Every structure is written in C-alpha cells, then in structure tokens.
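Structure, as structure tokens:
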Amino acid sequence: MEMEHVRSRFIKHFNGETGSVYASPGRINLIGEHTDYNGGFVFPGAVDKGMIAEIKLNGTDKVRAYSIDLKDYVEFGLNEEDAPHASWAKYIFGVCREIIKRGYKIGGFDTAFAGDVPLGAGMSSSAALESTFAFALNDMFNLGIDKFELARIGQSTEHNYCGVMCGIMDQFASVFGKEGSLMRLDCRSMEYEYFPFHPKGYRLVLIDSVVKHVLVDSPYNKRRQSCERAVAAIQKNHPHVEFLRDATMDMLNEVKAEISAEDYMRAEYVIGEVQRVLNVCDALEKDDYETVGKNMYETHAGMSKLYEVSCEELDFLNDIAKECGVTGSRIMGGGFGGCTINLVKDEIYDKFIETALAKYKEKYGKTAKVYAVKISDGSRRLA
Ligand code: GLA
C-alpha cells in the first residue's frame, strides 16, 4: 500500500495541504478462534496489508472523510446524533465517539484513507480502520491513551456502532503487532507475549475463497450468545466459571440436558480450542510444526462441524490441503467465508498453490486468491 497514493488523493480533495499519515495492519491468527470473547487465548500476528490515512485537523467540529477505495465522501459532526449513514464512515465516527465517551476532547479533521486488506476475507479490515483512527487521534490530540485502551476503543466501536459483538483479538493485533512475531494473548488477563515466528522449512499462506463474510447482524453474535448460555448453566454448579475458558468437558456434560444441543456443540468447540492454543504454544517451543499443523486441522473440523462457521468452499480448500500433504490448514477468523490459513512445507508449496487454485476454479468457477503471510508491525505514524 502506497502512502504516496493516499497523499495525492488527500491533496486533491482537501485543497493542496498535507497532514499526518498513519497506518494500521490487518491480522492473521495461527490458532485460537472464537476464544477471545470466551476469555481464552489467541495467537495472532499483524500483516503487511492494512489501512493508511492522511489526517489534518481542520479547527471545526466536523469530520470530512473521503474513502479513496469507495470514492465516497461523507461529513459528520462529533455528537451522538450526527452518526453518518455510510457504513464505512461509522467506523470512524464510532472511534471518535468512543474517545469522547471516555472523557477526552477531540475536534474535527479532514481525512482521506485507503486500504489493501481484502474486505470480508477474515483479515480484519475493519479493525485496521478503527486502529488507524484511534492511534492517529490519540497522537494528534495528545490524549495519552494507552495501547490497550486504543484497542478497546476499536472493539467498542464494533459493539456500539457496527453491530458486531466481537472480542479483542483483531484490534489488539492491529495495535500491538510486531514484525516477525506472533503474539499470544490471554484475553482475560490481557497478558501477552511475543513469539518470534520463523519456522524453518515452512511457510504460512492464506488462500482466500473469495466468499465474502459478513459479521454484522450475523450468526457471529448468536455464537457468542450460545457460549454465554452454556456458561450460565455451568455456573450454577461451578460458580468460579466466568468464561468457557474456565470450563472442562466434564462440567459441560453435567449440564448437557439443560442446554440446547446447539449450545452444547458451540461450547464443546470452545473448550477444545482453548486447549489447542496451549498445545500449539508448547509445540512451538520445541519447533514441532507437525503438532502445530495437527491442531490447526482439528480447529478446522471443530469450526466446521461444531461451531458451524465454515462453508462448503472453505471445507473444500481444507480437504485439498490435506490431500496435498499440507502440514496444517484451517479456516481463519470469524468464519462464514474468507480465507484458510495454511502451514506448508517449502518443498510442496508451489505444487500446493497450483493444485488448490486449479481445483477450486474447476469446482466453483471462481479464482481463489493467495496471500503470502509477512508478519509486520502494528499501528504507527508514517509521516
Ligand atoms: C472476528 C472477531 C474476533 C474473533 C474472531 C474469531 O474476527 O472480530 O474478535 O472473535 O472473529 O476468532
């Protein structure tokens, strides 16, 4: 993504003056899916694709925003009743509102922004947008907000302005990303650790099914509700269970008759997934990528059969990976479309990509996209 491109658009739309330029990335997640809002662990890393925004304070109480990719321009005020109609602008408005709600003072600004995180691919384009503006406004207005709170501002934007009851993983990864490192985050204590990730002899690659996922008003929120109902049932016997992260299969089985079969399956997946992240951490300490891969396949099976957030195309891509001898493969992100993440041995990499693309095209008549993963830095100022 070119900063110069954004800058030239900004100059064109806002009378020739430049401002400051900020960027925030999308993310991958090695393992730990739908565990964040269950108080569990996640294992994301920021990528080299993201959002770039040029921003200049305009001394008014209005935001004038131009989306370069959508060629759409919107103006809005900073009060609750000033919410814009364009869905892309709600992310920026939401970030402003969440900052104001926390007691900080900000003013109007002009901005033009663009991104190269594919939309709806499960790589968190929306978190990249939120983090860009949260980070930028904090910097430009000298607010002194810490990085965790910047991530929470993005998350609250999703909750209160975009209708997605997401966890903290995406915004955390976007703000805290570090080149060459994955991050293990405990989503309850918010303790995190950087894990340098340079698997010798393996590569990470995303294959985008180009089936767009939509999380807004989606089954995503329903999954979360299922988990909460399972926790409520378990809590009656085990008051210390605050999240599914604290539960065991034995505890879940005790309440099997009290909850729906669907809620049971959702909880079963989460309990397994919390454990898989820990398995993967252990395996990484020993450079045991076979075990990492095995857990990835198990995650895919769980997301497909128990959590039911996969789709035919993603299951197909997962099957091809297996047939090609790929070490690990699974659906990545919230689900309902988007990408698989694949851990592939160098020697079969080219053959796998070629086979996957050809078979996918043959079966669905569309061309999957391939993104080689480059783990990169989080939110930052570029100019
Ligand atoms: C989306 C949400 C995250 C997380 C993932 C699934 O990306 O924004 O908080 O729940 O789905 O792991």
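Just so you know, ligand 1 is whichever comes first in the structure, and atom 1 is the first atom listed for that ligand. What you are looking at is a predicted structure, and each value in this text was computed from that prediction instead of being measured. Throughout, residue positions are numbered sequentially from 1 according to the sequence presented.
- Between Tyr364 and Phe316, a ring centre-to-centre spacing shorter than 6.0 Å is recorded.
- Between Tyr91 and Tyr161, the distance separating the two ring centers is not shorter than 6.0 angstrom.
- In summary, the atoms of ligand 1 found under 4.0 Å from a heavy atom of Gly167, numbered by their order in the structure, are 9 (O).
- For a threshold of 3.5 Å applied to N or O pairs, the pair formed by Ser124 and ligand 1 contains no separation below that value.
- For Arg27, the closest heavy-atom approach to ligand 1 falls below 4.0 Å.
- In terms of polar-atom proximity, His34 is counted as a contact of ligand 1, with an N or O under 3.5 Å from an N or O of the ligand.
- Counting atoms of ligand 1 from 1 in the listed order, those under 4.0 Å from a heavy atom of Asp36 are 3 (C), 4 (C), 9 (O), 10 (O).
- A salt bridge links Arg203 with Asp346: at least one charged nitrogen is closer than 4.0 Å to a carboxylate oxygen.
- Residues Phe10 and His13 keep their aromatic ring centres 6.0 Å or farther apart.
- Across all their heavy atoms, Ser174 and Ala127 have their closest contact at OG-O, 4.0 Å.
- Counting the atoms of ligand 1 from 1 in the order shown, those under 4.0 Å from a heavy atom of Tyr37 are 10 (O).
- By the 4.0 Å N-to-carboxylate-O rule, Arg64 lies close enough to Asp110 to be salt-bridged with it.
- No N or O atom of Gly333 sits closer than 3.5 Å to an N or O atom of ligand 1.
- With ligand atoms numbered from 1 in the order given, ligand 1 contributes 4 (C), 5 (C), 12 (O) to contacts under 4.0 Å with heavy atoms of Met169.
- Taking a cutoff of 4.0 Å between a charged side-chain nitrogen and a carboxylate oxygen, Lys294 and Glu290 do not qualify as a salt bridge.
- Which parts of ligand 1 touch Cys166 is read off a 4.0 Å heavy-atom cut-off, strictly below it: atoms 2 (C), 8 (O), 9 (O).
- Ligand 1 places these atoms under 4.0 Å from at least one heavy atom of Tyr220: 1 (C), 2 (C), 3 (C), 4 (C), 9 (O), 10 (O), 11 (O).
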